[in-house]
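Quick note: residue numbers are just sequence positions, from 1. Computed from a prediction, not measured in an experiment: that's the story for all the values here.
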Amino acid sequence: KQLFMIAVPVTLSASIMSFTSIIDGIIMSRQLQSIGYNADIARAMMGDYSAQAVTMWNMPPALIYPITYSIIPLISAAMKLGQSERVKNIMNSAVKVVALIALPCAIGMSVLAEPILKLVFTDQAAAESIAPLLSVLSLSIFFIAMVAITNAILQVHHLERKPIISMIAGSVVKIIFSYILIGTPSIELFGAPISTFICYLIIMLVNFYFVARYVGLIPNVMEILVKPLVAAIICGASALGSYKLLELVIHPKLATVGAIGFAALVYGVFIFIIGAVTRDDIMLLPK
């Protein structure tokens with residue numbers, strides 16, 4: 001019975017966004033046709049967006065999920081032993097580490113959207129047209145990462161039904177904004193990444209409200225957001241600057257790889273310089 005009571009809400013919250021994506025795809029097709037695109041062009045636009053922008057957007061969260069999975073048994077064990085301070089420290093470190101990973105991914109992919117797409121995909125023309133969409137979409141990587149970690153925190157505190165509420169709220173907002181924005185000729189397909197951005201922002205805010213109210217965890221904004229954000233902005237600037245310089249002397253694909261590597265190095269050094277990461281944070285990482 002306990003397994004059933006836990007599994008059903010977790011499954012529902014995980015599947016809500018899948019159903020939303022199906023509805024969103026229908027809305028996208030109809031709204032593109034409503035502003036003058038024929039069915040074939042609308043399908044082609046949606047196909048390029050899903051195949052390139054959405055595929056790349058789905059990659060960074062794969063770095064986040066192992067952390068969210070790992071904290072559940074850690075917190076459960078500490079709760080069983082009555083170690084409330086350790087529970088709080090694990091949650092704070094987990095949120096911070098996720099932010100430290102997600103923010104440079106979001107900003108880096110946003111500023112290097114076109115080079116990254118051209119590096120991965122063979123259709124260079126499609127990459128050029130999809131790059132501005134990925135630049136907007138990738139900014140929501142931070143929100144989806146925060147949603148993943150707050151979902152884990154809520155679930156381990158037996159609040160697995162709360163994410164259903166936040167997911168439904170975000171889904172409704174996404175559908176409404178997709179319908180309005182994609183149907184606006186001056187915005188058209190940009191409505192898809194914008195609605196996704198707003199959707200996950202809403203889910204994240206609602207989740208943090210639940211975490212603060214029912215778990216009692218109010219994250220330190222300076223430690224969790226401001227410091228990693230400053231480091232991520234510097235990372236993004238170094239990525240873009242180094243790419244522009246390397247592009248002058250080597251092949252653009254090699255320049256992209258070099259820029260990503262250089263930006264990662266700059267970010268790794270800078271987060272220690274500004275004290276954005278501690279030993280406890282590093283020990284929380286898998287392996």
If I compare all heavy atoms of [X] with all of [Y], which pair ends up nearest, and what's the gap?
X	Y	result
K227	G275	NZ-O, 3.7 Å
A102	A145	CB-CB, 3.5 Å
T256	P115	OG1-CB, 3.3 Å
A127	Q52	CA-OE1, 3.3 Å
A231	I274	CB-CD1, 4.1 Å
S195	F177	CB-CB, 3.9 Å

Between [X] and [Y], is there shared hydrophobic-cluster membership here, with clusters defined by ILVMFWY side-chain heavy atoms closer than 4.5 Å?
X	Y	result
I72	L3	no
L119	L248	no
V215	L81	no
L117	L254	no
L246	V120	no

Sub-3.5 Å donor-acceptor pair from the side chain of [X] to the main-chain atoms of [Y], do we have one?
X	Y	answer
S178	M28	no
S110	I107	no
E188	I182	no
S34	Q31	yes
D24	T20	no
T150	V147	yes
Y267	L100	yes

* Just do the side-chain contact (heavy atoms from CB on, under 4.5 Å) check on M56 and F121 with the steps written out, would you? => CA-CA 10 Å; M56 296 306 301; F121 298 100; 3.9 Å; yes
* To do: Given side-chain contact (heavy atoms from CB on, under 4.5 Å), test M109 with S135 step by step and report yes or no.
  => CA-CA 7 Å; M109 189 173 289; S135 291; over 6 Å; no
Counting C-beta onward and ignoring hydrogens, is there a side-chain heavy-atom pair between [X] and [Y] closer than 4.5 Å?
X	Y	value
P61	Y65	yes
V230	F270	yes
C235	V266	no
R161	S13	no
L63	C105	yes
I144	I64	no
L133	F190	yes
L205	F143	no

Take a 6.0 Å sphere around [atom1] of [X] and say whether it holds more than 12 heavy atoms from other residues, nucleotides or ligands.
X	atom1	result
F208	CZ	yes
Q2	CD	no
F210	CZ	yes

Nearest 0.5 Å, please: how far is [atom2] in [Y] from [atom1] in [X]?
X	Y	atom1	atom2	value
S238	L265	OG	CG	9.0 Å
Y37	S29	OH	OG	13.0 Å
I35	T184	CD1	OG1	8.0 Å
K88	I75	NZ	CD1	13.5 Å
L181	I27	CG	CD1	11.5 Å
I116	K253	CD1	NZ	13.5 Å

* **Pair V95-M146, side-chain contact (heavy atoms from CB on, under 4.5 Å): steps then yes or no** => CA-CA 7 Å; V95 174; M146 291 293 103; 4.0 Å; yes
* To do: Carefully, step by step, assess Y49 and L137 under the rule side-chain contact (heavy atoms from CB on, under 4.5 Å).
  => CA-CA 10 Å; Y49 174 73; L137 182 64; 3.8 Å; yes
* Report the residue from I90, V87, V156 that forms a side chain to side chain contact (heavy atoms under 4.5 Å, CB included) with L74. =>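 In the set I90, V87, V156, the residue that makes a side chain to side chain contact (heavy atoms under 4.5 Å, CB included) with L74 is I90.
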* Donor-acceptor side-chain pairing of N92 and N220 below 3.5 angstrom ->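 N92 vs N220: no donor-acceptor pair found between side chains.
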* Under 3.5 Å, is there a donor-acceptor pair linking the side chains of W57 and T196? ->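 On atom types as modelled, these side chains do not qualify, holding no pair under 3.5 Å.
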